[in-house]
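Throughout, numbering of the chain's residues begins at 1 and tracks the sequence. Quantities reported herein were computed from a predicted structural model and do not represent experimental measurements. Each ligand, and each atom within it, is numbered from 1 in the order the structure gives.
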Amino acid sequence: MTRGLTEVYLRDQRVWDSCALVYEDRIVGGHPDVTAYECFEEDLLDRVLLYLARECGRTVRLYDVGCGSGRLHLRYGMKIADAASLSPPESDRVRAARHGNPAYMFDPLLAERLVSVGGVDFSAQMLDIAREKLQAAGLSHLLGSRLTFDQGSAFDLAPMDAEPLPLVVCVCNSIGVMQGRAGAVELFKSVRRAIEKAGGIAVISAYRLDAVESFALGNYESTMDVCGQPRWLVPDTYASDSFLQVPRDYKRAYDTGSSIVVDVYNGEFSTGKSGHVLKRDSKAVQIVVETGHIQTYSDYESYWYSFDQFEEWTSDYWPADESYHIAGADLDSLRAEPVQLAILDPTGLLRQLMNRWKFQAVENRGSGE
Ligand SMILES: C[S@@+](CC[C@H](N)C(=O)[O-])C[C@H]1O[C@@H](n2cnc3c(N)ncnc32)[C@H](O)[C@@H]1O
């Protein structure tokens with residue numbers, strides 16, 4: 001990493017450590033449009049895993065880059081945990097976690113073929129939350145064996161073994177919070193390094209620049225208690241870390257409201273001001289819509305990259321004819337409208353599935369160096 005990238009990396013690591021708990025509450029379990037995006041990704045991964053396990057007869061190692069609080073660990077840990085072979089209290093916890101959640105039901109095929117779910121994240125706090133979540137769901141018996149976490153950098157992935165087949169994913173626009181364009185390039189190179197020799201698969205799922213106005217503005221405004229007050233909102237009276245501003249509701253996609261009402265709390269969580277109104281500054285909004293660069297007063301930064309930018313990265317850093325760049329809406333216009341996917345498939349394992357979905361590998365790629 002260059003010195004500049006290292007500095008931003010260390011700053012972002014602090015930011016993510018400090019927002020870990022609320023992130024879990026308000027984003028992972030919260031905003032309906034984010035939940036829709038996550039459900040789309042999970043259904044997509046289910047399909048890819050089913051295809052690899054059943055139609056290709058492969059055993060798979062799923063590895064989540066920027067895994068945060070272990071959303072995918074929990075989902076696939078539940079699918080591979082056989083409650084019948086466990087004793088109380090683990091078995092009771094697994095059953096309780098499954099109650100009312102069909103996605104967490106035991107899946108005998110995955111139990112056999114999904115050998116492990118690993119992940120890396122630079123935030124120790126995020127990984128602590130992930131482990132606690134898995135323990136609470138009765139998955140302690142899989143922790144450290146079939147469910148693993150590495151604390152470290154997304155940019156340092158080592159080449160993986162060919163068996164089980166590595167499926168490396170970076171989901172929920174994690175690329176957008178990985179230290180700007182320099183970090184995004186490192187990620188493209190890093191996932192390629194991890195899977196290429198093994199003939200594995202990499203998937204990067206991200207938001208798109210052209211969805212900033214319709215999705216991002218309302219999304220960040222209504223989760224500002226997690227990441228801080230967006231810089232396009234005024235006034236900044238309570239924007240410092242001494243206050244917590246809790247929005248009164250979630251702004252959904254295409255909300256055109258130019259203001260949002262928040263309740264302000266001071267450090268001890270006693271009410272500071274109820275019904276405080278924040279308004280959009282139109283010039284600042286215009287810049288965010290044009291650049292996709294989201295910034296808050298808590299040093300949080302995220303990028304929603306353009307479709308062209310992703311196309312360029314896939315072409316510059318991934319090999320010719322072995323990758324796909326897909327508009328989310330072409331797969332699922334209800335849940336993935338603001339999304340784009342870059343998929344690297346060096347041995348053509350996914351070709352049949354992609355043909356079924358009517359996607360072609362992008363041709364005329366660069367050398368990938
Ligand atoms: C948007 S969250 C997504 C978390 C998780 N993938 C999910 O879908 O719920 C992004 C995660 O990336 C992590 N992160 C950001 N930059 C990173 C880097 N350079 N190396 C490792 N993790 C990083 C953050 O700590 C955070 O947990």
Note to self: I'd like to know whether the aromatic ring centres of W304 and F215 sit less than 6.0 Å apart in this structure.
What the structure shows: no
Check: Got an N/O contact under 3.5 Å between S69 and ligand 1?
Finding: no
Item checked: Parallel, tilted or perpendicular: rings of Y9 and F122 (30°, 60°) -> perpendicular
Next item on the list: Please work out whether the ring planes of Y303 and H293 are parallel, tilted or perpendicular, with thresholds of 30° and 60°.
Entry: parallel
Check: Is it the side chain, the backbone, both or neither of E41 that has a heavy atom closer than 4.0 Å to ligand 1?
Finding: neither
Check: Judged by non-hydrogen atoms, does D12 sit under 4.0 Å from ligand 1?
Finding: no
Check: Considering only heavy atoms of V171, which atoms of ligand 1 have at least one such atom less than 4.0 Å away?
Finding: 6 (N), 8 (O)
Next item on the list: State the atoms of ligand 1, each with its element, that fall below the 4.0 Å cut-off from a heavy-atom position in Q179.
Entry: 16 (N), 18 (C), 19 (N)
Note to self: Under 4.0 Å from a heavy atom of V177: which atoms of ligand 1 are those, numbered in the order shown and with their elements?
What the structure shows: 10 (C), 15 (C), 16 (N)
Item checked: salt_bridge(R248, D263) N-O dist < 4.0 Å -> yes
Item checked: Carboxylate-amine/guanidinium proximity below 4.0 Å for D332 and R335 -> yes
Margin query: Measuring from atom 24 (C) of ligand 1, which candidate in D17, D64, V15, D121 has the nearest non-hydrogen atom?
Written below: D121
Margin query: Below 4.0 Å, non-hydrogen atoms only: which portion of W16 touches ligand 1? Side chain, backbone, both or neither.
Written below: side chain
Next item on the list: May I ask whether C170 has any heavy atom positioned less than 4.0 angstrom from an atom of ligand 1?
Entry: no
Item checked: ligand 1 atoms in contact with S153 (distance to a heavy atom under 4.0 Å) -> 20 (N)
Next item on the list: Could you point out which residue of Y265, Y238, Y297 forms a ring-ring contact (aromatic ring centres under 6.0 Å, His included) with F243?
Entry: Y238
Next item on the list: Mind running salt bridge (charged side-chain N to carboxylate O under 4.0 Å, His left out) on R208 and E337 for me, showing each step along the way?
Entry: CA-CA 9 Å; R208 299 169 51 140; E337 183 191 335; over 6 Å; no
Next item on the list: Among V246, L233, L278, find the residue that satisfies the side-chain contact (heavy atoms from CB on, under 4.5 Å) test when tested with V262.
Entry: L278
Check: Could an N or O of ligand 1 be found under 3.5 Å from any N or O of F122, whether backbone or side chain?
Finding: yes
Notebook entry, point to check: Ion pair present between R75 and D43, side-chain N to carboxylate O less than 4.0 angstrom?
Noted result: yes
Next item on the list: Can you figure out which of C227, S174, C172 has its heavy atom closest to atom 3 (C) of ligand 1?
Entry: S174
Margin query: Checking R71 against E41 for the salt bridge (charged side-chain N to carboxylate O under 4.0 Å, His left out) test, could you report, in this order, the C-alpha distance in whole Å, the side-chain angles of both residues, the deciding distance, and whether it holds?
Written below: CA-CA 11 Å; R71 172 166 65 98; E41 290 180 328; 2.7 Å; yes
Next item on the list: Go through ligand 1 atom by atom and flag the ones less than 4.0 Å from a non-hydrogen atom of G152.
Entry: 20 (N), 21 (C)
Next item on the list: With heavy atoms only and a cut-off of under 4.0 Å, state how C67 meets ligand 1: side chain, backbone, both or neither.
Entry: backbone
Check: Looking at ligand 1, does any of its N/O atoms fall within less than 3.5 Å of an N/O of M126?
Finding: no
Note to self: Check this for me - ligand 1, F155, N or O atoms closer than 3.5 angstrom, yes or no?
What the structure shows: no
Check: With a cut-off of 4.0 Å, which atoms of ligand 1 are near a heavy atom of S123?
Finding: 25 (O)
Notebook entry, point to check: Any non-hydrogen atom of G183 lying under 4.0 Å from ligand 1?
Noted result: no
Check: So does D255 pair up with R252, basic N to acidic O under 4.0 Å?
Finding: no
